[in-house]
Amino acid sequence: MSGTHIEWKDDAYVVPNDPVIPFIEGDGIGPDIWRAARHVFDQAVARTYGGERQIVWKEILAGEKAQKQTGEWLPQATLDAIREYRVAIKGPLTTPVGGGIRSLNVSLRQLLDLYACVRPVRWLKGVPSPVKNPNSMNVVIFRENLEDVYAGIEYEAGSDAADQVRRFLVDNFSAEIDEGSAIGIKPMSARNSKRLVSKAIRFALARGRDSVTLVHKGNIMKFTEGAFRDWGYEVAKERFGDKTISEADYWKDNPEGGAGDGRVIIKDRIADSMFQQVLLRPAEYAILATPNLNGDYLSDACAAQVGGLGMAPGGNIGDGVALFEATHGTAPKYAGQDKVNPSSLILSGVMMLEEIGWDEAAAAIVSGLERAIGDRTVTYDLARQMHGATEVKTSEFAAAVAQHIPTRQ
Ligand code: NAP
């Protein structure tokens, strides 16, 4: 089967019944979890659509496999294929050490302009959790993906460059910086902040979620993080004025609280307070929009409440291009052992199916996962936290999930 391209028209995907979807298997545990996840995706699509729809998988190379076969870590053909086919999925990739090669994941995001890192965090029935009510957590984190301290503009302590930057700031702006300091730069733009917050608001509207919370550290970093908050409120007003309301205006209109009038409430929280909120009052939050670093920390902290990294999916999303990925790394000590949990990649596939509008197949996979975990048939990471669990291999877990996927009548 040769498959058909997914197209992008009027800000939406046009998806054929036989879309070609490129995949990067990944390094380390990548091949194990990809094999498992692909089996689950294919079973879900087959059982949900009865042969009417089918994904045509196309392997593309990155990481160690690409290096071995082509001499390059991230071949141009891989970038071209993701742009051409628009929606792709990947396993984890090793970050090559030394030689001036930057993280492949960061490169993919930058080169493909995937400006939003999207991480849904919700609890699946049966998954062990360190909190009393894991079910109260159901947030989707939209993390800015291209700038902030991740821009990689840093000068080593004692270097000539650091010294020159320091001198410039001291001489021109009376900045107080100790001699010999390391210096990092934190660029944040209205453009990237606004398009990130817009994407978060559009998602809230499409999925019927009631709030978007801007998470920032604007009390300390006024012109970067504070500006992120201001740009967020601005874009909500400019582009979604009739569909959103600020929290302050909401309380004016609804002093007793309550459901509101269906508009998405735009809130903001200081980052440190947000870490408390997701532990103490997670049910009050739906969509979180954050600058890059806050989002990095917050995603993992939230994921820890619902089963950890082995259960946490992610997507790097731009306009008309999206790359879904397991959020954990290559766990090299488990490579080739058929041992680790493939749920992060499986749930990333659930996000991918939702992104292309195949919601029924996505829901069928979640149901299969919940039933397998409910049976306590799990991989080692969950088994060590559960009483009476049966520990199974990656492939056996995938088979159990697939077996539990309901057939649509
Ligand atoms: P890691 O690969 O995520 O592994 C850290 C630990 O997390 C593992 O030892 C294991 O814990 C647990 N873990 C990870 N994946 C799991 C899974 N699927 N099921 C169950 N447990 C899982 O982090 P790392 O060791 O720091 O990084 C290794 C390499 O991955 C590095 O080259 C790094 O650059 C790369 N990396 C890639 C990505 C990406 O491609 N998106 C992300 C992060 C890191 P236990 O030891 O407790 O069993």
Side-chain angles (χ1 to χ4, degrees), residues 23-38 40 60-67 73-74 78 82 88-99 101-112 114 117-119 124 127-128 130 141 143 145 150 152 292 295-297 299-301 303-304 306-317 322-349 351-352 369 372-373 377-386 389 391-398 401:
F23 68 91
I24 297 168
E25 183 178 71
D27 299 325
I29 54 173
D32 281 350
I33 58 173
W34 169 251
R35 210 175 302 117
R38 178 177 172 161
V40 170
I60 54 176
L61 300 176
E64 285 164 1
K65 195 167 180 181
Q67 216 284 331
W73 289 91
L74 184 56
T78 292
I82 299 174
I89 186 164
K90 67 176 272 293
L93 294 171
T94 305
T95 299
V97 181
I101 303 169
R102 69 195 306 205
S103 153
L104 299 177
N105 297 301
V106 174
S107 300
L108 279 164
R109 290 166 202 164
Q110 303 267 358
L111 295 167
L112 295 167
L114 305 173
C117 173
V118 182
R119 300 247 187 119
L124 295 189
V127 174
I141 300 171
R143 162 185 165 199
N145 219 8
Y150 290 70
N292 208 334
D296 195 358
Y297 295 156
S299 305
D300 282 16
V306 298
L309 286 187
M311 296 299 299
N316 296 291
I317 307 183
L323 178 59
F324 296 86
E325 66 173 351
T327 54
H328 53 72
T330 58
K333 67 181 177 187
Y334 298 125
Q337 292 180 27
D338 196 20
K339 180 178 174 79
V340 297
N341 190 348
S343 297
S344 171
L345 191 56
I346 291 175
L347 287 166
S348 302
M351 286 178 75
M352 181 183 79
L369 264 173
I373 294 168
T377 312
V378 290
T379 46
Y380 84 98
D381 53 317
L382 298 184
R384 69 186 170 190
Q385 303 174 62
M386 282 167 128
E391 183 181 324
V392 292
K393 292 173 181 297
T394 310
S395 53
E396 292 166 341
F397 179 71
V401 173

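Counting starts at 1 for both ligands and their atoms, following the listed order. All values reported here derive from a predicted model rather than from experimental measurement.
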Could you tell me whether the side chain of Ser343 and the main chain of Met311 form a donor-acceptor pair under 3.5 Å? no

Pull out every atom of ligand 1 sitting under 4.0 Å from any heavy atom of Asn105, numbered as shown with elements. 37 (C), 38 (C), 39 (C), 40 (O), 41 (N)

Checking heavy atoms under 4.0 Å, the part of Thr330 that sits near ligand 1 is both

Check: Thr94 N/O within less than 3.5 Å of ligand 1 N/O: no

Checking the N or O distance criterion of under 3.5 Å, is ligand 1 in contact with Ile33? no

Say whether Thr327, considering both its backbone and side-chain N or O atoms, lies within less than 3.5 Å of an N or O atom on ligand 1. no

Which of the atoms of ligand 1 are close to Thr95, meaning less than 4.0 Å from one of its heavy atoms? 32 (O), 34 (O)

With Val40, which residues qualify under side-chain contact (heavy atoms from CB on, under 4.5 Å), at least two apart? Ile346, Ile365, Ala398, Val401, Ile405

So is Val340 polar-close to ligand 1, meaning N/O to N/O under 3.5 Å? no

Atom CG in Asn316, atom CG in Leu112: separation rounded to 0.5 Å? 9.5 Å

Mind checking whether Gly329 has an N or O less than 3.5 Å away from an N or O of ligand 1? yes

Per-atom filter on ligand 1: closer than 4.0 angstrom to a heavy atom of Lys333 are 9 (O), 46 (O)

Under a 4.0 Å N-O cut-off, is there an ion pair linking Arg119 with Asp296? no

Residue portion contacting ligand 1 (non-hydrogen atoms closer than 4.0 Å) for Arg384: side chain

Heavy atoms only, cut-off 4.0 Å: how does Asp381 contact ligand 1, side chain, backbone, both, or neither? side chain

Are Asp27 and Thr330 linked by a side-chain donor-acceptor pair shorter than 3.5 Å? no

So if I apply the salt bridge (Lys or Arg N to Asp or Glu O under 4.0 Å) rule between Glu25 and each of Arg38, Arg35, Lys65, which one comes out positive? Lys65

